[in-house]
Amino acid sequence: MSKLSGAGKTVGVLALQGGVSEHAELLHALGADVVLVKKSSQLEGLDALVLPGGESSTIDRLTRILDLRDALIEAISGGLPTLGTCAGLIMLSREITDPAPGQQPLGLLDVTVDRNAFGSQVASAETVLNWKSPSGESHPVKAAFIRAPRVISAGEGVEITAHYNGEIVGVRQGNLLGISFHPELCEETAVHDELLGLTGYK
Ligand code: GLN
């Protein structure tokens with residue numbers, strides 16, 4: 001895997017709440033220019049986008065307060081390669097089984113997710129998963145789980161890329177990657193490398 005899969009690429013990290021800096025640092029290490037996205041005009045000209053972990057109901061509320069929600073839906077449904085980690089996966093999903101009051105997902109990734117499926121913060125864990133790459137081959141990926149969601153159902157166009165404790169924790173659908181875990185906390189670059197490999201998708 002190239003250490004510089006991000007060279008010459010500009011990647012946005014949605015920077016409203018949550019684990020923004022860890023993604024930015026990892027993307028910098030991969031050679032990418034990083035834009036911390038706080039307003040819709042910053043979505044223009046991006047090669048890829050990361051929706052970080054955090055608290056999905058808070059991020060959801062902020063996207064509406066800051067008038068970012070429709071712009072995000074437009075950019076991502078227009079083909080912008082996007083990685084959602086943890087709360088970011090919840091944001092991308094079509095349906096949330098246990099949303100916070102008023103919480104609405106962006107509805108772009110054809111999955112139903114269950115928030116906090118692996119227990120509380122104290123039940124957080126670090127492990128190594130088997131990740132199914134686009135070629136169909138599997139390779140190990142380091143993963144940290146923090147109040148992580150699980151995917152409880154996935155539509156036909158969704159490929160399952162990883163399981164943990166028998167639950168689906170990684171999916172791919174066209175330009176979208178959704179993961180329940182945090183590779184950016186484990187110095188794990190494979191999933192970000194895959195995102196950067198999707199640039200030019202649209
Ligand atoms: N449980 C959180 C939520 O509902 C996600 C946790 C995380 O992103 N680490 O948004």
Side-chain angles (χ1 to χ4, degrees), residues 5-94 96 99-109 113 115-116 121 144 146-149 173-189 191-202:
S5 55
K9 294 173 183 170
T10 304
V11 183
V13 180
L14 187 64
L16 305 181
Q17 189 266 339
V20 175
S21 59
E22 293 86 350
H23 284 287
E25 278 164 29
L26 193 146
L27 290 161
H28 276 141
L30 293 173
D33 287 331
V34 176
V35 175
L36 301 181
V37 175
K38 294 181 180 174
K39 53 184 182 185
S40 56
S41 60
Q42 293 174 305
L43 291 167
E44 284 160 28
L46 296 180
D47 295 306
L49 177 66
V50 174
L51 307 183
E55 174 48 51
S56 57
S57 56
T58 303
I59 299 172
D60 168 51
R61 200 151 27 88
L62 290 171
T63 61
R64 273 177 276 168
I65 291 170
L66 298 170
D67 224 5
L68 252 167
R69 183 179 163 86
D70 290 346
L72 279 171
I73 292 173
E74 195 182 325
I76 300 169
S77 62
L80 180 64
T82 301
L83 166 64
T85 64
C86 206
L89 161 65
I90 298 169
M91 290 285 299
L92 283 177
S93 71
R94 181 174 47 74
I96 306 170
Q103 181 176 9
Q104 276 176 10
L106 296 173
L108 300 166
L109 178 61
V113 297
R115 298 165 69 217
N116 304 320
Q121 192 91 22
I146 305 168
R147 295 186 302 118
Q173 176 195 304
N175 59 317
L176 306 180
L177 285 165
I179 56 178
S180 301
F181 55 90
H182 297 271
E184 77 284 2
L185 299 179
C186 311
E187 296 180 4
E188 172 59 69
T189 60
V191 183
H192 291 72
D193 271 330
E194 189 176 320
L195 173 73
L196 292 163
L198 282 169
T199 58
Y201 180 89
K202 50 185 170 177

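For this chain, numbers begin at 1 and follow the sequence in order.
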Any ring-ring contact (aromatic ring centres under 6.0 Å, His included) pairs touching residues 37-91, not counting sequence neighbours?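 For residues 37-91: none.
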Arg69: which residues meet the salt bridge (charged side-chain N to carboxylate O under 4.0 Å, His left out) condition with it, sequence neighbours left out?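 So Arg69 forms a salt bridge (charged side-chain N to carboxylate O under 4.0 Å, His left out) with Asp60.
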Is it true that a side-chain atom of Asn175 and a backbone atom of Ile76 form a donor plus acceptor pair closer than 3.5 Å?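 Yes; at least one donor-acceptor contact below 3.5 Å.
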Expected output: side-chain Ser180 to main-chain Pro149 donor-acceptor under 3.5 Å: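 It does hold such a pair.
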For [X], check side chain to side chain contact (heavy atoms under 4.5 Å, CB included) against everything at least two apart and list the hits.
X      : value
Ser57  : Glu55, Ala100, Gln103, Arg115
Ala144 : Glu126, His182, Leu185, Cys186
Ala32  : Val11, Leu27

Could you tell me the separation between the [atom1] atom of [X] and the [atom2] atom of [Y], rounded to the nearest 0.5 Å?
X      : Y      : atom1 : atom2 : result
Glu44  : Leu80  : CD    : CG    : 12.0 Å
Asn116 : Ile146 : CG    : CD1   : 12.0 Å
Asp47  : Leu195 : CG    : CG    : 10.0 Å

Testing the basics here: between [X] and [Y], what is the closest heavy-atom pair and its distance to 0.1 Å?
X     : Y      : value
Leu51 : Met91  : CD1-CB, 4.2 Å
Ile59 : Pro52  : CD1-O, 4.1 Å
Ile96 : Pro99  : O-CD, 3.3 Å
Ser56 : Ile90  : OG-CG2, 3.5 Å
Ser5  : Leu196 : OG-CD1, 3.3 Å
Cys86 : Ala148 : SG-CA, 4.0 Å

Would you please test Val35 and Asp33 for side chain to side chain contact (heavy atoms under 4.5 Å, CB included) and show each step? CA-CA 7 Å; Val35 175; Asp33 287 331; over 6 Å; no
Name all pairs fulfilling the side chain to side chain donor-acceptor pair (under 3.5 Å) condition that reach into residues 15-31, sequence neighbours left out, sorted by first residue then second.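 For residues 15-31, and leaving out neighbouring residues, the side chain to side chain donor-acceptor pair (under 3.5 Å) pairs sorted by first residue read His23-Thr85, His23-Glu184, His23-His192.
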Leu72 and Leu108: side chain to side chain contact (heavy atoms under 4.5 Å, CB included), yes or no, with the steps? CA-CA 10 Å; Leu72 279 171; Leu108 300 166; over 6 Å; no
With side-chain contact (heavy atoms from CB on, under 4.5 Å) as the test, pick out the partner of Thr82 among Leu106, Leu46, Leu49.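 The single option meeting the side-chain contact (heavy atoms from CB on, under 4.5 Å) with Thr82 is Leu49.
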